[in-house]
Amino acid sequence: MYHKRSPFSCLLLSDVDAPITLIELKPNYDCYSCPVNKPIALNPKFHLPPLDNLGVGFVKRTLRLIGSCNGFIGLLSKNHSVYVSNPLVGEYFKVKLPKREKGVLQIIYGFCFSEVSGQCKILRLIIRKFQGHDHKVSELEVYTIGVDAKWRNVGKAPYPLWGSLSNVNVNDTLHWLDDEDTEKGARICSFNITTEEVKPVPAPPGLKTPSVLLMLAKLGNCLCLSDISYEQHVDIWWMREYGVAESWTKDRILMDSIPCDICDTKYIPTIIWKDGEILMRSHRGTHLVSYNPKEKKFRKVHVYGFGIDATKYVPSFYSLNPSFYSLKTVMGDDFQVSSVYPKTQTV
């Protein structure tokens, strides 16, 4: 299988009222000699699955990003169809979803990849009313691409904060914050992508900050928890040894050196550069800054685009066709990977 990975870092920006955009960020950027990192708007004509009876301009309200892994992205359409796509080569296929049952209040989707097994999985967290009572129960269903002929129920799982399964994959495990008792501090939940076990992960001992002011991230190979409850600084908790509560350590980043024109917002650590700088995004827009831990200084990353949520994206030229031959065995001869490009353009 031919593939090629980009040496640069990329972000996918998404918002319910804006197109999905892709930004390529070079680690050695200079905001003076190269002042603009211009996002590329992903659309059905060149990158994403075309939507039936809808023009290109409607993509911003009909496709929502649910995850990014191994060069592929998971997309949820307005009619609750899930697509797996490689936007760089324009390939995609549609995953058939079960019919929505009565009594289901909400369905939350996620998309993840296992480095151990090499499998992509789609998650469905189904929220139901419990036997007509006020409280709810959440059940997790899993679909392994290329393996499963139907969705499998793997048991109960906590409802995620903000109603979204995060894209924080550390130690072959997906993580999110529990929505229950948000004022009592962090409750970190995990889904092991290989074993499909759902269990809690210990939070930093003694951390009392409400979970609504905490953000999970993967920085390097560590699970990190960012405390953005203060105006003057951001605390980053690092789980140095995965699963060990005593291994959490804290770094405090003072915000006094941040550029004056973008200092009226909170910043969330998102990815770490190879040179150790930490890329941080504003929690209410597309402002990006890079923090140098050695110099303890910020640099502004000039980006012009849309989106309030940023997800790390590692681009590749993996083709869905050679990667998913086993799908034909499970789904039959009718399975077909589609492309938004004519075949003559992708050879």
Side-chain angles (χ1 to χ4, degrees), residues 6-13 23-35 37 68 166-171 175 177 186 188 201-209 211 213-303 309-314:
S6 168
F8 307 131
S9 294
C10 292
L11 289 179
L12 285 167
L13 296 179
I23 308 174
E24 182 181 77
L25 300 168
K26 298 183 179 181
N28 59 345
Y29 79 95
D30 184 331
C31 65
Y32 297 102
S33 62
C34 183
N37 288 287
S68 167
S166 72
N167 197 38
V168 181
N169 186 345
V170 179
N171 200 45
H175 302 82
L177 290 171
I188 305 173
V201 174
L207 179 63
K208 301 296 184 182
T209 302
S211 57
L213 295 174
L214 299 170
M215 300 292 294
L216 283 172
K218 178 181 180 180
L219 299 179
N221 294 319
C222 288
L223 178 66
C224 292
L225 192 63
S226 302
D227 184 344
I228 59 170
S229 59
Y230 306 96
E231 296 290 341
Q232 296 80 16
H233 63 266
V234 173
D235 288 340
I236 305 179
W237 291 88
W238 305 72
M239 184 175 251
R240 301 295 183 180
E241 185 176 350
Y242 184 79
V244 179
E246 293 75 19
S247 72
W248 284 103
T249 61
K250 184 177 71 172
D251 288 338
R252 175 160 291 182
I253 298 178
L254 299 177
M255 309 301 289
D256 53 1
S257 67
I258 202 164
C260 296
D261 58 334
I262 56 171
C263 65
D264 60 341
T265 185
K266 298 178 184 292
Y267 282 87
I268 303 166
T270 303
I271 62 174
I272 192 166
W273 302 105
K274 289 183 179 180
D275 59 6
E277 288 198 18
I278 300 172
L279 185 72
M280 305 174 71
R281 63 177 175 87
S282 62
H283 79 297
R284 61 183 185 188
T286 55
H287 289 314
L288 296 175
V289 295
S290 189
Y291 175 74
N292 187 317
K294 294 180 180 179
E295 299 178 358
K296 299 187 183 301
K297 292 182 179 180
F298 288 91
R299 292 188 294 168
K300 184 175 179 180
V301 181
H302 289 258
V303 170
D309 189 22
T311 301
K312 182 180 180 180
Y313 176 67
V314 181

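Excluded from the calculations below are hydrogen atoms, water molecules and symmetry mates; all remaining heavy atoms, backbone and side chain alike, are included.
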Asks: To check you understand the geometry: which heavy-atom pair defines the closest contact between P205 and A245, and what is its length?
Replies: CD-O, 3.6 Å
Asks: Could you give the distance from CG (L177) to OG (S166), rounded to the nearest 0.5 Å?
Replies: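 Interatomic distance, L177 CG to S166 OG, rounded to 0.5 Å: 7.5 Å.
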Asks: Could you walk me through whether E231 and K266 pass the salt bridge (charged side-chain N to carboxylate O under 4.0 Å, His left out) test, one step at a time?
Replies: CA-CA 7 Å; E231 296 290 341; K266 298 178 184 292; 3.5 Å; yes
Asks: Side chains of I258 and Y267: does their closest heavy-atom pair fall under 4.5 Å?
Replies: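 Counting from C-beta outward, I258 and Y267 do come under 4.5 Å.
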Asks: Could you tell me whether the side chain of M239 reaches within less than 4.5 Å of the side chain of S247, counting heavy atoms only?
Replies: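 Yes; the side chains approach each other to less than 4.5 Å.
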Asks: With sequence neighbours left out, what residues match T249 under side chain to side chain donor-acceptor pair (under 3.5 Å)?
Replies: R240
Asks: So, using side chain to side chain donor-acceptor pair (under 3.5 Å) as the criterion, who are the partners of Y230 when residues are at least two apart?
Replies: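 Side chain to side chain donor-acceptor pair (under 3.5 Å) check on Y230 returns nothing, list empty.
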Asks: For the residue pair D227 and T209, confirm or rule out a side-chain donor-acceptor distance under 3.5 Å.
Replies: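 Yes - a donor-acceptor pair under 3.5 Å links their side chains.
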Asks: Indicate yes or no: does K294 engage E277 in a salt bridge with an N to O separation below 4.0 Å.
Replies: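 E277 and K294: not salt-bridged.
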Asks: With sequence neighbours left out, what residues match K250 under side chain to side chain contact (heavy atoms under 4.5 Å, CB included)?
Replies: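 Residues passing side chain to side chain contact (heavy atoms under 4.5 Å, CB included) with K250: D235, W237, R252.
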Asks: Can you give me the closest heavy-atom contact between S229 and L213, atom names plus distance?
Replies: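 What the structure gives for the nearest pair is CB-CD1, 3.6 Å.
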Asks: Is there a side-chain contact between L219 and P269, using heavy atoms and a 4.5 Å cut-off?
Replies: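 SC-SC contact between L219 and P269 confirmed.
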Asks: So, for G243 and P202, which heavy atoms are closest and what is the spacing to 0.1 Å?
Replies: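 Closest approach of G243 to P202: O-CG, 3.6 Å.
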Asks: Applying side-chain contact (heavy atoms from CB on, under 4.5 Å) between F298 and each of N292, V289, I278, report the one that passes.
Replies: V289
Asks: Going by heavy atoms in the side chains, are Y242 and V201 under 4.5 Å from each other?
Replies: yes
Asks: Between W273 and S290, which heavy-atom pair has the shortest distance, and what is it?
Replies: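 Here W273 and S290 meet closest at NE1-OG, 2.9 Å.
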Asks: Using a cut-off of 6.0 Å, state whether more than 12 heavy atoms not belonging to N221 lie near its atom CG.
Replies: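 Atom CG in N221 is not packed in, count stays at 12 or less.
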Asks: Just verifying a value: how many Å separate Q232 CD and D256 CG, rounded to the nearest 0.5 Å?
Replies: 10.0 Å
Asks: State, to 0.1 Å, how close T270 and I268 come at their nearest heavy-atom pair, and which atoms those are.
Replies: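 Taking T270 first and I268 second, the nearest heavy atoms are OG1-O, 3.1 Å.
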Asks: Looking at V168, is its backbone amide N or carbonyl O close enough to the side chain of H175 to form a donor-acceptor pair, meaning the two atoms are under 3.5 Å apart?
Replies: yes
Asks: Is any side-chain heavy atom of Y291 closer than 4.5 Å to one of M280?
Replies: yes
Asks: For S211 and A186, indicate whether the former's side chain and the latter's backbone hold a donor-acceptor pair under 3.5 Å.
Replies: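 Answer holds: no.
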Asks: Between the side chain of K218 and the main-chain N/O of N169, is any donor-acceptor distance below 3.5 Å?
Replies: yes
Asks: Is there a side-chain contact between I253 and H233 (heavy atoms, below 4.5 Å)?
Replies: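 Sidechains of H233 and I253: no contact.
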Asks: Heavy-atom distance under 4.5 Å between the side chains of M255 and V234, does that happen here?
Replies: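 Touching, per the 4.5 Å side-chain cut-off.
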Asks: What distance separates C224 SG from L214 CG, expressed to the nearest 0.5 Å?
Replies: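 The CG atom of L214 is 12.5 Å from SG of C224, to the nearest 0.5 Å.
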Asks: Once you round to the nearest 0.5 Å, how far does OH of Y313 lie from OG of S68?
Replies: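 Output value for this atom pair is 6.5 Å.
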Asks: Considering only heavy atoms from C-beta outward, does the side chain of L225 approach that of L216 to under 4.5 Å?
Replies: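 Counting from C-beta outward, L225 and L216 do come under 4.5 Å.
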Asks: Got a second to check how far L288's CG is from R299's CZ, nearest 0.5 Å?
Replies: 13.0 Å
